[in-house]
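Written below as structure tokens is the structure these notes are about.
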Amino acid sequence: MKRLLIALAITLPLVAQIPSPSQSLGLEIGKDRVLADYKQIRSYFRTLDAASPRVEVEVLGKTTLGEEMIMAVISSEENLRNKARIQEIGKRLADPRGLSDAEAERLVREGKSVVLVTCNIHSSEIASSQMAMEWAHALATANDAETKRRLDNVVLLLVPSLNPDGQQMITDYYRKYVGTDYDGGRLPWLYHHYVGHDNNRDWYMLTQVETRNLNRAVYHQWNPQLFVDEHQMGSEGPRMFIPPFADPVDPDVHPLIWREVNMVGANMAFRLEQANKSGLIYGYSFDAYWLGGTRNTGWWKNVTGLLLEVASARIASPVYIEPNELRGGSKGLVDYKATVNHPNPWKGGWWRMRDIMDYERIASDALLELAADRRQDLLRNLLVRARAAVAHAEPGQAYRIPRDQRDWPTAQHLAWLMAEHNVEVRQAANGDYWIPLAQPYSKFVLEMMEPQRYPEVRLQPGRDILRPYDVATWTLPLQMGVRVEKAALPQGTTRVTDIKPETKEVIARGAKLARKPRVATYKPWQPSMDEGWTRWLLDTYGIPVKGLSPQDVQKGLSGFDAVILPDVHKDILATGRRKDAPMRYEEALPPEYRGALDKAGAAALRKFVEDGGTLIAFGDACEYVIEELNVPVRNALAGVKPEDYTNPGSLVRLRIRPDHPVTQGMPSETAAFLDSPLAFDTTAPAANMQRWVLASYPEDEEDILLSGWIDGGERLTRKAAAVALTYGKGKVVLFGFRPQHRGQTHATFPLVFNALWWSVSAP
Ligand SMILES: [Zn+2]
């Protein structure tokens, strides 16, 4: 290898000055079973920064585990010298209030297309983190006229990994087991310290530092016009999804967003097909309605966002797909065959990380090509969308977050969140926050503040409606339990950008407890994002918590006051595999990561409660508790068919019992996030037990749904949503909804904290 490097240095001095990632790292990037880890990727981009006048590395911030999160800025030497001016133009066009037409047109002519590409937010979808190095190297070294033209017109912001901690975890695990029976197998824990795959559900709530780091670069610093997020999907369907997106579409998003999405997507598919890449699909699976993903949130903030999804290998190990294993079964491709949105199906065979990198690279280059071709259009369209958002708003109208309300610290948190999004937030002398509607992000503000009504789209007369991709709601005032009202913006408010929420009442109350609860959550080897969110919640509010493996639980729980079973299916808790799984086959994990609660774990949990512990179950885990502990509760929706009841995740109204420690400080009514088919019937217990219905659904179906979409909601009427019980010397609390869902449901956080406080109090 060394000799080769010397030879190259003699014959090709330019290349030697700017080494390729393979040369620089001493690894053959893109080869089967070879991966660069995050530390190597970061160091390679530092090498490029030092060697090339076309590459500059910006530090976005620190990750959850303290790693440096980077973004490469790649453009012509001249553009990089003018970085500040290019950012200034982007900012001015993104918020064009007060800008004359003539000045705007001058800026459009002077400005550059700013294009953001983010890789590898989902850590097992790893090819893009490797592709990013090769792409950056090619852009840094190319001397052809076309590449130079692109770099003269475009500033590329390239994030090689949006989750560096997870990239490192996946690479370490992969290297440990490569060449063994577990080669390319899945990680037995989350690929982010807290949230795993849900890191791409966080882009309006900004709970994670990685999300906030990128959010600042996008909406406070660079204001890109195009944003492409590179993912991977399953191995047995189409090779690559490239927008246009699938239905439904949110009619509030400016239509120029969809026109630009489709134009960029069409150019990508065109270049891929020219290069003989088969298996491209559009109008598939991923919709134009859901708000939570990286680039999606941008649609409401006037940024054109695209998602790319390439079929996966087994991390860096190749996979062979038999033709009969190729299948449809998703929205937009019911059967695996040629259709207008999938005209050239892939025929099966070997599929490797190198293939994924090649598809991604062609699409990424096609993005730069289009961004260079359409530079002025992209800048002008951003201006058009921002102006339309301002003009669309009712003049003088605003959202008021009154100082006088039940939970002021959470109201402050909402104001902080909006300011973090670079939404204009103002404050009056009496402390009220005001969010004026006539601002460039008005569509985003409306989307976050108002209830959602899912658009019911049918693709053929009489057929079923298209189901939501993810949850069907995100209304912040409801989720957070904050009173917000529309009113006329008063005189004399001032813009605020630095808001520091005070301590929540329930946390302040907990700080005064005589004894702090010793808390554990159950951490199955089938990683649970809800478990991660639970740890995130407790860490964030300063409550120490320990994650327990199945083996830890089986050893006994005498050292804890409260144990939380996160929202995990009862079969996964009991045995580690679902009885209703479509395929019985399941890959084995290494021996140290096997097992579930089994009989010994169930017995340990029962003993823990009988001896005085408090067992708290979220969502699906309630069914496990109902089965394993003899409690006078049943799930009235157990076994309900999807045609009789469907709820992808909506906000529902709960009536709260006032006189119980777990409901202390709660209002008489709250919004709660419900997704699983769970609603309780209770019955009067024997004399050795007490039970309290803590929360229940209204009697009238009309009163239940607050935001989102539920089919068959009448089945919830008069049912219990949360139940507390005594059990031996201990206690059980069942939350049939998700009280800490994705760190968003501040309205129901107090129920979780109160249940923990209850664990160290008398029943
Ligand atoms: Zn993904």
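Excluded from the calculations below are hydrogen atoms, water molecules and symmetry mates; all remaining heavy atoms, backbone and side chain alike, are included. When a ligand or atom number is given, it counts from 1 through the structure's own listing order.
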**OP:** Find the distance between SG (Cys119) and CE (Met133) and round it off to the nearest 0.5 Å.
**Re:** 10.5 Å
**OP:** Please confirm whether Tyr289 and Trp474 have ring centers closer than 6.0 angstrom.
**Re:** yes
Original post:
Does the ring center of Tyr454 lie less than 6.0 Å from the ring center of Trp709?
Top reply: yes
**OP:** Examine Arg239 relative to Trp351 and say whether NZ or CZ is less than 6.0 Å from the centre of the six-membered ring and inside a 45° cone about the ring axis.
**Re:** yes
Subject >> His231 atom (N/O/S) at minimal separation from the Zn ion (ligand 1) >> reply: ND1
Original post:
Looking at the Zn ion (ligand 1), which N/O/S atom of His122 is the nearest one?
Top reply: ND1
**OP:** Report yes or no: does Glu125 have an N/O/S atom closer than 2.8 Å to the Zn ion (ligand 1)?
**Re:** yes
